[in-house]
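Residue numbers start from 1 in every chain, and the chains themselves are labelled A, B, ... in the order their sequence lines are given, proteins ahead of strands. All values below were derived from every heavy atom in this structure, side-chain atoms included, with hydrogens, water molecules and symmetry-related copies excluded. Small disclaimer: the values here were computed from a predicted structure and weren't measured.
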Amino acid sequence: MVHQLVAPVLSNEKLQKKVFKLTLFSPHISKTAKPGNFVHIKVSSNNYPLLRRAFSIHRVGKNKTEFEILFKVVGKGTEILSRKAPGDIVDVLGPIGNSFSLPQKEKEVMLVAGGMGIAPLWFLLNQLIKRFDKDKVTFFLGAKSKEELLYAKKLNSMGSNLIVATDDGSVGRKGLITEIFKKEIKKKKYDPRKLAVYSCGPQMMLKRMTDIAKRLDLFCQISLEIHMACGVGACWGCVVQKKDGIYKRVCVDGPVFDAREVNLE
Amino acid sequence: MVHQLVAPVLSNEKLQKKVFKLTLFSPHISKTAKPGNFVHIKVSSNNYPLLRRAFSIHRVGKNKTEFEILFKVVGKGTEILSRKAPGDIVDVLGPIGNSFSLPQKEKEVMLVAGGMGIAPLWFLLNQLIKRFDKDKVTFFLGAKSKEELLYAKKLNSMGSNLIVATDDGSVGRKGLITEIFKKEIKKKKYDPRKLAVYSCGPQMMLKRMTDIAKRLDLFCQISLEIHMACGVGACWGCVVQKKDGIYKRVCVDGPVFDAREVNLE
Amino acid sequence: MRQKYDLSVNVAGVRFSNPVLVASGTFGYGEEYDALIDLSKLGGVITKSITLNPREGNPAPRTVETPSGMLNAIGLANLGVENFIKEKIPFLRKLETRIIVNVAGSTIGEYVEVVKRLSRCRGIDMLEINISCPNVEQGGLAFGSNPESAFACIKQIKDHTSYPIIAKLSPNVTDIVEVACAVKEAGADAVSLINTLIGMAIDTEKRKPILGNITGGLSGPAIKPVALAMVWKVAKAVNLPVIGIGGILNTQDALEFLLAGACMIQIGTANFVDPQTSVKIVNGLNGYLKEKRIKRITDLVGRLKIN
Amino acid sequence: MRQKYDLSVNVAGVRFSNPVLVASGTFGYGEEYDALIDLSKLGGVITKSITLNPREGNPAPRTVETPSGMLNAIGLANLGVENFIKEKIPFLRKLETRIIVNVAGSTIGEYVEVVKRLSRCRGIDMLEINISCPNVEQGGLAFGSNPESAFACIKQIKDHTSYPIIAKLSPNVTDIVEVACAVKEAGADAVSLINTLIGMAIDTEKRKPILGNITGGLSGPAIKPVALAMVWKVAKAVNLPVIGIGGILNTQDALEFLLAGACMIQIGTANFVDPQTSVKIVNGLNGYLKEKRIKRITDLVGRLKIN
Ligand SMILES: Cc1cc2nc3c(=O)[nH]c(=O)nc-3n(C[C@H](O)[C@H](O)[C@H](O)COP(=O)(O)OP(=O)(O)OC[C@H]3O[C@@H](n4cnc5c(N)ncnc54)[C@H](O)[C@@H]3O)c2cc1C
Ligand SMILES: Cc1cc2nc3c(=O)[nH]c(=O)nc-3n(C[C@H](O)[C@H](O)[C@H](O)COP(=O)(O)OP(=O)(O)OC[C@H]3O[C@@H](n4cnc5c(N)ncnc54)[C@H](O)[C@@H]3O)c2cc1C
Ligand SMILES: Cc1cc2nc3c(=O)[nH]c(=O)nc-3n(C[C@H](O)[C@H](O)[C@H](O)COP(=O)(O)O)c2cc1C
Ligand SMILES: Cc1cc2nc3c(=O)[nH]c(=O)nc-3n(C[C@H](O)[C@H](O)[C@H](O)COP(=O)(O)O)c2cc1C
Ligand code: FES
Ligand code: FES
């Protein structure tokens with residue numbers, strides 16, 4: 001259940017020019033979080049920027065006392081967050097939202113991450129490989145370029161299949177990860193009914209995933225990002241439209257949705 | 001003349017729980033500043049707080065490349081300023097405003113500082129003792145309590161006369177520094193016409209100084225503080241009322257005014 | 001034990017344990033914050049605006065942050081009065097705090113119908129009538145933006161309910177005092193102000209308005225000075241309890257509104273910033289009374305010194 | 001050499017080298033910023049409001065900072081039209097930029113008299129008529145807050161001058177489009193908006209309003225969303241050049257106003273934050289045209305996509 005708590009910063013590691021991994025101490029969140037859940041963080045103490053910022057839970061420490069978020073500096077809030085250091089404390093709401101539903105044993109599992117989409121999928125992957133044959137799991141990792149590619153080495157050493165692509169071809173295959181994913185399931189002639197797909201990434205990419213999932217009637221869960229005010233289901237600001245026209249709240253009805261069910265733009 | 005410049009922070013020294021001395025590198029300001037001038041500083045890079053903050057020039061380095069401000073943390077702006085460190089840069093407008101007019105040689109000089117009022121008077125004192133007999137200069141230093149008293153030791157070692165008072169009597173005489181000052185000139189039977197008085201401090205204290213100066217027809221210059229928007233004479237926001245009802249701008253017509261001429265509240 | 005420092009206020013015959021309410025649309029139906037704060041500490045809870053039929057609301061995006069504020073264009077998304085009575089009232093009824101239901105509609109008839117149905121319910125203490133929503137095509141602001149339609153709307157509602165009525169006023173008018181006078185005339189028991197200011201934000205990359213609804217309502221600290229000026233003007237001019245709303249983040253802000261003449265205050269956007277805000281302000285006001293040795297919070301209301 | 005990217009705009013027959021002006025009251029009489037920026041880089045300078053007689057203005061304090069904004073209640077302090085002509089015009093006349101004199105008054109007669117006297121001057125390109133000052137007892141906002149008086153004021157002025165006229169509108173109205181239509185009808189050559197929103201701040205320690213004038217005008221980034229919505233509405237509804245004002249801090253903000261339909265913009269409070277703001281925006285707009293390979297800045301005006 002969602003709690004409001006004051007979490008001490010344990011570390012804030014710079015992974016790339018603009019990408020940071022922040023480790024926060026919180027037994028409550030670490031013990032109860034599931035892959036797909038997120039936290040809503042008050043980044044500034046002087047209320048500027050005003051609203052909280054949402055971040056997927058990226059990993060939970062083995063001893064379940066700390067958790068990580070992986071974030072990219074894109075504006076004021078993330079800039080402030082990038083300057084947090086051990087000893088600082090952070091006001092956190094979490095864990096929030098629904099989670100990915102783990103696949104049935106017999107399924108072939110595919111994770112498709114674009115850019116920062118790796119954030120929640122890494123938590124999911126770590127759960128999956130505890131229960132699944134590593135070679136039944138394939139990770140599609142996409143980025144704009146070599147410089148922005150994250151976690152390729154780590155993923156390689158995890159033992160599951162890894163397919164890397166960059167928009168400019170500077171490493172791995174060249175092209176959008178969604179297209180690589182589509183080609184791969186065509187080439188290998190996978191039966192869509194036997195697949196379980198999980199995806200996260202930029203809006204445009206997830207839009208492509210919903211198209212693919214709808215066309216192939218694929219079980220595909222996507223984690224959405226949208227501007228959030230309350231983060232607890234109260235304001236109805238963070239909505240996504242379902243096929244039937246009904247609006248759902250990303251914060252508490254999501255952030256994970258069946259790609260066949262939502263209309264993205 | 002006022003310039004806008006980017007000044008590197010050379011040091012930021014914590015003198016008391018809430019009082020800091022910030023040293024900024026700027027040959028332009030250091031070379032042209034006179035006692036009484038101030039600088040207008042953009043404390044935040046993200047425009048929050050929005051407006052600049054004004055600080056008296058406290059001291060100019062011997063080699064005229066750096067200057068100091070002395071400030072107390074009272075709100076958002078000064079809080080941010082207190083966290084500046086060597087390597088940071090600060091956007092500064094300065095030097096701004098008029099300056100104290102130095103007294104004629106034969107005068108008896110008295111400086112009356114309350115709390116942070118020491119800030120501009122320290123610069124003035126350093127100029128004065130270059131040209132005047134030290135024993136013709138008396139410094140009245142007031143504070144709320146021993147804990148808040150600043151510069152007493154330094155002033156002692158400068159050789160001019162020093163009279164210390166605190167509101168609670170925890171060090172020096174007990175009482176408001178304005179009252180101590182009044183008693184002193186009465187006791188010593190000074191001829192008001194032979195005195196040159198300079199004062200800075202909280203609004204209430206300066207109000208008392210204007211009363212005393214008006215009653216005794218004393219030459220007394222006071223440095224005023226008021227909320228400033230532009231700091232360059234353009235907005236007419238920072239006004240003080242003269243005896244004749246005319247409003248003057250503290251930023252460019254001041255901040256130094258003849259205590260007999262202004263109406264304070 | 002009798003409380004030494006008294007935070008309670010009476011508005012239109014309803015006693016509130018303290019003057020701190022949570023504002024409509026920022027606190028869902030109350031239950032969303034149950035896990036995060038002790039709801040019984042609040043003076044009262046105001047629900048999202050309820051309409052006759054369920055409403056899906058406006059297309060996304062519905063919110064965007066602006067300097068010290070936010071725009072919203074939710075569009076009165078809500079589950080409709082019948083579902084509200086069935087699904088939400090039972091929870092609200094159990095709370096040890098006052099319950100104020102906020103009502104909206106596209107026509108006066110719709111407002112009246114919602115009010116009628118709510119009048120059959122147990123557990124409601126007051127109604128707040130939203131004649132000031134800037135985010136719907138019909139109704140809402142249309143009623144609040146001129147004294148005549150505001151009068152007509154409130155009058156009809158008063159004729160059909162015995163609940164005390166708060167009229168929630170819009171700041172998007174030339175003279176809010178005029179509207180306040182009109183709703184007083186119509187029988188309103190109190191006024192609350194302000195609702196949001198109409199605003200807009202543009203995505204310069206896409207060259208499109210950020211909000212799906214193009215414009216939205218501005219709230220948060222950015223609007224506090226505007227809200228405070230309006231509260232002061234209305235409180236001075238109209239002999240009716242005034243409930244202050246707009247950008248209140250902390251006890252200091254709350255005190256400003258009380259001094260300006262508000263007998264109660266509502267916390268809106270600040271619930272998003274820190275869900276504890278309202279409870280912190282209740283405690284903060286209590287602390288303030290103690291520190292200043294003021295017996296009753298009502299002794300502060302309107303005590304602004306003007307020379 | 002012909003400029004490849006063209007920032008120039010024409011408003012009412014006056015050509016400006018770029019669309020960036022500095023707003024009345026925030027830039028003194030121009031000379032105050034001469035030491036700090038290259039004034040010839042600006043599209044134009046707008047002076048403080050000038051009245052018939054010298055005015056001392058309101059008691060202090062006159063400004064206070066608020067979240068992402070500030071309140072001011074200067075009260076039209078200025079040296080009066082005759083002194084202005086004698087002491088300030090000579091400096092302004094020499095500048096290689098357009099000069100717009102902002103005019104205010106307590107009665108229509110006073111506006112007309114000021115305009116008449118300015119009409120005998122060389123070196124002025126346009127007048128901006130302030131019918132929207134919230135900080136004076138008489139005149140100012142009184143004229144701008146309803147279409148009839150706005151019409152009357154602008155009509156009389158147009159009858160007495162051949163200068164192109166910008167009517168500066170107040171946001172403190174129910175329907176700004178109505179007022180814009182009225183001043184167009186009266187012959188205004190352009191409208192500028194918004195002036196400040198009425199606001200207030202309270203010192204809870206002293207239990208007094210912070211401003212000497214009790215209320216003041218809110219400006220700065222806090223009001224940008226409100227300004228943008230009004231500019232968009234007026235530009236859409238009224239066939240008159242619109243000059244956008246309100247909380248513009250940087251090129252991004254300026255672009256938002258241009259897209260919303262403003263053909264020029266004014267920088268106000270931002271001059272206090274960073275005196276270079278206006279020049280930085282001129283450069284920023286130029287850079288934007290280059291980057292996007294847009295020939296003329298006018299190609300951006302009103303190009304907001306609404307689906
Ligand atoms: C459920 C959820 C989980 C998220 N998980 C992560 C994560 O694990 N790692 C990560 O780096 N980011 C994540 N985000 C996005 C993150 O919240 C935004 O990047 C962050 O709020 C930007 O704040 P800012 O103040 O730095 O940027 P701002 O200054 O607010 O905006 C900068 C840019 O980012 C866009 N933006 C702002 N907020 C969001 C948002 N909520 N969603 C998408 N775009 C936004 C703005 O439109 C603008 O273009 C998540 C968002 C949601 C809703
Ligand atoms: C010409 C001039 C010279 C100054 N020199 C010094 C100096 O040498 N050292 C120093 O510590 N301070 C000096 N000040 C005061 C200093 O500018 C304020 O303390 C500072 O602006 C407070 O900013 P803040 O954001 O920390 O506080 P805020 O959050 O803005 O306000 C905190 C409190 O300080 C008060 N305050 C804010 N601004 C001013 C102001 N300009 N004058 C007086 N009170 C204010 C507010 O009313 C409020 O009560 C000077 C002011 C002026 C006008
Ligand atoms: C997301 C959001 C939704 C709102 N929904 C409603 C609503 O349904 N009915 C209503 O009367 N006011 C609504 N409001 C207005 C608030 O109740 C309040 O009047 C306004 O936000 C100003 O207060 P604040 O600055 O404290 O947020 C809403 C405000 C926000 C931010
Ligand atoms: C200190 C100050 C003084 C002002 N004086 C005037 C004035 O004399 N005449 C006028 O038409 N507008 C005046 N204004 C309003 C500005 O010109 C402008 O319309 C308003 O501040 C909004 O723009 P901004 O948010 O960029 O500041 C003044 C604004 C400020 C902040
Ligand atoms: S962010 Fe408020 S309902 Fe989701
Ligand atoms: S601060 Fe603007 S005139 Fe002094």
Tell me, side chain or backbone of [X] under 4.5 Å from chain D's heavy atoms, or both, or neither?
X	answer
C:L300	side chain
C:K233	side chain
C:I198	both
C:A260	both
C:F257	neither
C:L255	both

| Quick one: of D:I176, D:D203, D:T174, D:N146, who has the most non-hydrogen atom pairs under 4.5 Å with chain C? |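 It is D:T174.
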Would you name the heavy atoms of [X] and [Y] that are closest together and state the gap between them?
X	Y	value
C:K305	D:K208	O-CG, 3.5 Å
C:I306	D:P209	CD1-CG, 3.6 Å
D:A201	C:L228	CA-CD2, 4.0 Å
C:A229	D:T215	CB-CG2, 4.4 Å

| task | Answer yes when D:K292 and C:E205 have at least one side-chain N-carboxylate O distance shorter than 4.0 Å, and no when they do not. | result |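 Salt bridge present between D:K292 and C:E205.
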| task | Return the option, out of C:T66, C:I223, C:V173, with the maximum number of heavy-atom pairs under 4.5 Å with chain D. | result |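 The option with the most such pairs is C:V173.
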| said: Quick check on the interface: out of C:L249, C:L304, C:V226, who has the most heavy-atom pairs with chain D under 4.5 Å? | reply: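 Heavy-atom pair counts peak at C:L304.
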| said: Under 3.5 Å, is there a donor on one side chain and an acceptor on the other for C:T204 and D:E256? | reply: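 No, D:E256 and C:T204 have no side-chain donor paired with an acceptor closer than 3.5 Å.
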| said: Assess the residue pair C:W232 and D:I202 against the criterion (side chain to side chain contact (heavy atoms under 4.5 Å, CB included)); give the C-alpha distance rounded to whole Å, side-chain angles, the decisive distance to 0.1 Å, and a yes or no. | reply: CA-CA 11 Å; C:W232 178 69; D:I202 290 173; 6.0 Å; no
| task | Could you walk me through whether D:V231 and C:M200 pass the side chain to side chain contact (heavy atoms under 4.5 Å, CB included) test, one step at a time? | result | CA-CA 10 Å; D:V231 164; C:M200 184 173 180; over 6 Å; no
